[in-house]
Amino acid sequence: MSQNAIIQDTTTVPTRQEEDEISFPAPLTPIDRALRAGKFWSAAVPVIFNYYATYTKLNVLERVNPLVGRDCLSDEECSVIWNDLHSSGAEVLSETINDLKGFYVKTGQIIASRQDLFPREYTEKLKGLTDMLDPMDVGLVKKVIQSELCVKGEKFDDIFETFDPLPLGAASVAQVHRAVLTKKMGGGVVAVKVQRPGIEQKLLGDIKNLIQLAKPLRNIESIPVDYYVVFKELESQLADEFDFVAEAAAMDRIYSHLIVDPVTKMKRELPLRMPRPVSKLVTKRVLVMDYLEGVPLSRAGEEMEKRGIKPGSPESILFGRRLLRSLTDVFARCILESGFFHADPHPGNIFVLSDGSIGLIDFGQVKQISGRAKNTLAKVMVALDDRKSDTNPEDLEKIGNLALELGVELREDAKPEGPAAVAMWLFDGSVKELPGGYAYGELDPNSPVKELKSFPQDLVLVGRSTVLLKGLSSRLGIPWSLSKEWAPTARAVLENKLGTGGMGDTKFRDIVVVAKEWMKGKLGRGAARLPKIIRGPLAKAIVKLRGFN
């Protein structure tokens with residue numbers, strides 16, 4: 001959820017008497033829940049039926065046309081049919097989301113940010129969903145805060161010196177306000193996250209509907225991803241979003257890991273900025289934390305335009321690389337070193353801060369993967385980085401076996417190169433041609449993703465993080481190999497696990513890579529603070545010197 005959304009609010013701020021008269025909304029009754037589910041299914045069933053009917057019709061035509069002397073439909077003709085179906089389905093989904101809101105809005109935002117995962121018709125239709133979802137009345141917000149934070153005899157004004165009545169963001173679970181703490185509470189500008197009363201029951205019911213919707217779609221070959229597994233994993237994660245005490249603990253845990261090297265125990269530089277909770281002002285439904293000044297990545301283009309930074313310019317190229325570097329390093333440290341990571345990375349939770357650095361917010365969804373999965377992932381990174389070529393049989397066998405060890409299952413008729421192709425597709429965005437003749441595009445009929453029979457649920461959210469980075473690199477036009485970037489961390493993790501007590505046989509090139517990137521980060525942040533008249537020529541010189549496209 002954005003901490004810094006710009007909105008227009010025509011409502012007036014309620015008086016103290018009006019605030020006192022505001023009551024908490026009543027929870028949904030069984031009838032309310034049934035009506036909500038009924039609305040969803042009345043819209044969803046026709047969409048599912050149309051997909052099944054189209055899939056069946058195309059299969060029949062493929063078999064019958066040659067028998068009656070007709071030409072089979074071309075790929076282009078089939079594509080037009082599917083595109084029309086996607087367009088009508090996207091229209092229905094958009095209307096349903098805007099009608100029901102709740103978790104459906106969150107799902108819509110995820111779909112809109114995943115151009116690599118969903119048909120273009122869906123991502124385009126849903127990209128207008130914002131972080132300003134039916135903001136709660138400020139009187140209700142203060143009432144929730146009063147009941148959660150104020151001890152006996154304490155008033156709201158004893159905690160907050162000022163409290164902005166206009167929310168920075170209002171999402172499905174909670175909304176955020178900017179405030180200033182009183183001196184008694186330590187002072188300073190903070191962001192206050194307040195949970196919507198009675199929202200837990202509503203959202204858990206929504207995601208159960210989505211799980212049931214995804215079940216029958218598992219058998220349609222033209223849908224390349226098992227959305228049933230994806231929504232099941234999201235369901236297990238969603239329960240944690242209603243406990244802000246757990247979120248605050250997750251923020252502290254991730255920060256503590258990022259700031260200290262697990263091998264040397266020495267302090268290290270943070271790849272990006274993240275808010276810290278104000279520990280004495282955290283409850284299950286209210287979370288007070290540091291305020292980050294900036295805009296979400298979803299609106300970064302508009303902000304760069306305001307600053308006179310044009311797409312494709314040296315400054316935008318350097319920004320893109322800094323963005324990828326920050327996120328890549330954070331997820332390398334969290335996923336490979338500790339196995340505990342931010343599991344909801346989307347453009348609304350990634351911030352471009354006023355000083356040019358990158359911020360990460362909203363730690364309501366986190367994931368802990370097993371030690372075995374973590375170390376197998378590290379082995380995959382090293383094997384991908386060490387391969388002699390994309391077609392070397394020995395390398396493909398080793399990479400493929402490690403992919404299977406992770407729990408990836410492919411169809412019985414998949415090519416022998418299938419497991420290795422899936423690993424390369426997921427972790428190496430710089431690959432031009434996948435082994436076995438597989439296509440790189442996920443929605444391509446020859447994508448290795450279509451060979452997947454099942455994907456380990458423990459790694460669904462790891463895949464979400466890697467696909468986000470892959471999608472960003474594709475959108476920015478920057479070839480980016482996660483396996484290459486993560487290899488130094490992966491080697492350090494594996495060698496420490498084997499008891500070498502540190503870097504051991506870590507390759508010299510890995511040390512050089514880490515040192516270079518540390519220096520690049522320092523220079524990048526320094527350059528962002530320079531006047532515009534200097535930034536442009538400097539960025540141009542750096543891009544030319546490094547040979548960036």
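Looking only at side-chain heavy atoms (C-beta outward), M251 and P275 come within less than 4.5 Å of each other. Side-chain contact check for I358 versus L353: every heavy-atom pair is 4.5 Å or farther apart. At least one side-chain heavy atom of W425 sits under 4.5 Å from a side-chain heavy atom of K470. Two residues are said to be in side-chain contact when any heavy atoms from C-beta on lie closer than 4.5 Å; V422 and V449 fail this criterion. The shortest distance between side-chain heavy atoms of H342 and L360 falls below 4.5 Å.
A centroid separation of 6.0 Å or more is found between the aromatic rings of H257 and F341.
With salt bridges taken as basic N to acidic carboxylate O contacts below 4.0 Å, one links R491 and D385. Ion pair D329/R333 not flagged as a salt bridge, since none of the NZ, NE, NH1 or NH2 atoms sits closer than 4.0 Å to an Asp/Glu carboxylate oxygen. Electrostatic pairing of R253 and E247 does not count as a salt bridge here, judged by no charged N lying under 4.0 Å from a carboxylate O.
Remark: the backbone N or O of N392 is not paired with any side-chain donor or acceptor of E397 at under 3.5 angstrom. Under a 3.5 Å cut-off, the side chain of R321 and the backbone N or O of L318 do not form any donor-acceptor pair. For the pair S94 (side chain) and E91 (backbone), a donor-acceptor distance under 3.5 Å is absent.
For the pair K415 and Y438, the cation-pi criterion (under 6.0 Å, within 45° of the ring axis) is fulfilled.
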